[in-house]
J.: 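So that we are looking at the same thing, I have put the structure below in structure tokens.
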Amino acid sequence: MTLRDEHDCDVLIAGGGPTGVTLGLLLAQYGVSVIIAEKEANIFPLPRAAHIDHEVMRILQGIGVADAVMATCRQSSSYDFLNAAGDVLLRFDGLNEIGSGGWPKGNFIHQPSVEAALRHKLAQTAGIELRSQWEVTDIEDHDNGISVQCLTPDGQGKIAARYLVGADGARSPVRQKLGVEFEDLNFDEPWLVVDAIVHDFERLPKVNLQICNPERPTTCVLMGEGRHRWEFMIKPGETAEQVADEAFIEKLLEPWDVKGAITIERKAVYRFNARVAEVWRKGHILLAGDAAHQTPPFAGQGMCAGMRDAANLGWKLAAVIMNGGPDSLLDSYQREREPHVRATIGMAMMMGQTVCITDPQAAAMRDQQMLETRAAGMSPDSGLDYPPIADGLILKGSPGAGSYFPQPTFDREKLDDLLGAATCLISRMPFSSATANPELHVVDLTDSAIKPFAASISDWLDAHQSDAAIVRPDRYVFGLGEPGDLVESFNQITREAPARVAN
């Protein structure tokens, strides 16, 4: 009996939201068998997340749902922070331009539509099973994997797997079972969220707005599928019941003059938090998405962070399960993702702290400082600069190691559609993969199939003064250099197979 025969699946994912389903679809591409245990019967029908960026669209492209998601998105040219007088304090521009991921930089979504596209793809994909109304109640970690008890519609159920990923949200039962605590980054603000279906777009703002008014800090942003969102900071002394009252909301919306142009679909009170789990892995159990980290919504990166977790973790689990890689590969997951998550949370907190000033004198000082900074051309209008991977499965010291590899486009073609899901060795000249690593996809820039993208890739190699690069499935660069040396280093780090490969 093989190890795989001892288990019901290779990977059990607790949580059938965007992070869990994205991870499951990524794993299924590699032949990893997956069960997703989701405690709810159906997709939550109301909006939650409102934004995904170009890199996350690229992840969705890789699992075949990007076009379906993009069809439901809206774009905004900018994200403007205005003071009470309407002056621009800060502007993140060019959100509708194509980013390095090959898709528009900012895409404003209707989360149920995104989840529906993911679930539709799941139903068409072999090797992955969704078990709705299965709730994890107990976990045992053994030498060869885990066994999980679940509450199901038919009573108690049991699943045995090699690994368990808790993608089960901010209140994650998996994290609680592990006894993992959060590090609180000291951001805790109550806000009222109001989502609306739009009947007349001409009466609504065309760009995303943060109104930095100390009287009532307010967010106003586009969403997908004909929707719009307002978020209102709750003042001290106001209760959740009070601010969610229809008459109260109608008064909040009066300055926007949208009566008759919208129908309110959802109203909810949230506490915006910033927290990071201290440990993301214990034995055969890992955490992802909101189970591992939570970010305030001001940078629109909450759901994005979970999908990035899936992209980072998916290929590593596959390398261990399908290709015989060492289990220690998984230790790089938190090392690589946590600094990125903390940078994202830091940006969101900076935005939130800018917006959430309610003292008029402090707000006036903020306005003066930010207006002067903007007038001097020193405002950080480029937005969040995601840090490269500094520690993990990269060739340290190599040019470009840990950086994000861009996706050029040609007409309607995108590079990743040719690269596929594998780790790629991209070389200016032919390179034999027969003795290198059968899991590497060798991309030769002299090959006619890659011709539409060859000039862009060659320019990128020129900028790094290299002839070849190894690009991981999550599209981060392992390293650049001479092809044979790169393959040898990649084998050493990911397969513990140090044999020299001749070019």
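None of these values were measured; they are calculated from a predicted model. This chain uses plain numbering: 1 for the first residue, then up along the sequence.
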J.: Please, which pairs that meet ring-ring contact (aromatic ring centres under 6.0 Å, His included) have at least one residue in residues 13-58, sequence neighbours excluded?
T.: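 Every ring-ring contact (aromatic ring centres under 6.0 Å, His included) pair that includes a residue of residues 13-58, provided the two are not neighbours, is His51-Phe108.
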J.: Is there a donor-acceptor contact under 3.5 Å linking the side chains of Asp154 and Thr152?
T.: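 Looking only at side-chain atoms, Thr152 and Asp154 do not form any donor-acceptor pair under 3.5 Å.
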J.: Quick check on the 6.0 Å ring-centre criterion: do Tyr270 and Trp191 meet it?
T.: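 Here the rings of Trp191 and Tyr270 have centres that are no less than 6.0 Å from each other.
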J.: Just to verify, what does Ala167 make a side chain to side chain contact (heavy atoms under 4.5 Å, CB included) with, not counting sequence neighbours?
T.: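 With sequence neighbours excluded, Ala167 shows a side chain to side chain contact (heavy atoms under 4.5 Å, CB included) to Ile13, Thr19, given in chain and number order.
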J.: So, the side chain of Asp168 versus the backbone of Gly15: is there a donor-acceptor pair under 3.5 Å, distance only?
T.: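 Such a contact is absent between Asp168 side chain and Gly15 backbone.
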J.: Please verify the inter-ring angle class for Phe298 with Phe272; under 30° counts as parallel, over 60° as perpendicular, anything in between as tilted.
T.: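 Perpendicular, since the angle between the ring planes exceeds 60°.
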J.: Can you sort out the partners of Thr125 under side chain to side chain contact (heavy atoms under 4.5 Å, CB included), two or more places apart, ordered by chain and number?
T.: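 Applying side chain to side chain contact (heavy atoms under 4.5 Å, CB included) to Thr125 gives Leu25, Ala28, Lys121, Ile128.
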J.: Decide whether a cation-pi geometry holds between Lys267 and Trp230; the criteria are a distance under 6.0 Å from NZ or CZ to the six-membered ring centre and an angle within 45° of the ring axis.
T.: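 Ring-cation test returns no.
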J.: Ala390: which residues meet the side chain to side chain contact (heavy atoms under 4.5 Å, CB included) condition with it, sequence neighbours left out?
T.: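 None.
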J.: State whether the side chain of Arg308 and the backbone N or O of Gly306 hold a donor-acceptor pair below 3.5 Å, judged by distance alone.
T.: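 Looks like no, no N/O pair under 3.5 Å.
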J.: Only one of Asp141, Asp327, Asp143, Asn144 passes side-chain hydrogen bond (donor to acceptor under 3.5 Å, both in side chains) with His284; say which it is.
T.: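 Testing His284 for a side-chain hydrogen bond (donor to acceptor under 3.5 Å, both in side chains) against Asp141, Asp327, Asp143, Asn144 leaves exactly one candidate, Asp141.
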J.: To the closest 0.5 Å, what do you measure between CZ (Arg119) and CD (Gln124)?
T.: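 That separation rounds to 14.5 Å.
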J.: Start with the C-alpha distance between Asp80 and Gln210, add both sets of side-chain angles, then the distance that settles side-chain hydrogen bond (donor to acceptor under 3.5 Å, both in side chains), and finish with yes or no.
T.: CA-CA 6 Å; Asp80 294 349; Gln210 289 284 358; over 6 Å; no
J.: With under 30° as parallel and over 60° as perpendicular, where do the rings of Tyr79 and Phe92 fit, or are they tilted in between?
T.: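 If you compare the ring of Tyr79 with that of Phe92, the planes turn out tilted.
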J.: Might you work through the side-chain contact (heavy atoms from CB on, under 4.5 Å) test for Met233 and Ile211, ending with a clear yes or no?
T.: CA-CA 11 Å; Met233 187 175 177; Ile211 310 301; over 6 Å; no
J.: What residues, two or more places apart in sequence or in another chain, satisfy side chain to side chain contact (heavy atoms under 4.5 Å, CB included) together with Glu183?
T.: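 With sequence neighbours excluded, Glu183 shows a side chain to side chain contact (heavy atoms under 4.5 Å, CB included) to Leu185, Arg342, given in chain and number order.
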J.: Regarding Lys316 and Ser332, is there a side-chain donor-to-acceptor distance under 3.5 Å anywhere?
T.: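 Yes, Ser332 and Lys316 have a side-chain donor paired with an acceptor closer than 3.5 Å.
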J.: Quick one: pull up CG in Leu313 and CD in Glu336 and give me the separation to the nearest 0.5 Å.
T.: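 Answer rounded to 0.5 Å: 10.5 Å.
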J.: Near His120 NE2, under 6.0 Å, is it more than 12 heavy atoms from other residues, nucleotides or ligands?
T.: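 Not buried by this count: 12 neighbours or fewer within 6.0 Å.
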J.: Is there a donor-acceptor pair closer than 3.5 Å between any side-chain N or O of Arg266 and the backbone N or O of Leu46?
T.: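 Looks like no, no N/O pair under 3.5 Å.
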J.: Applying ring-ring contact (aromatic ring centres under 6.0 Å, His included), can you list everything that pairs with Tyr476, at least two apart in sequence or on another chain?
T.: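 In terms of ring-ring contact (aromatic ring centres under 6.0 Å, His included), with neighbours along the sequence ignored, Tyr476 is linked to Tyr404.
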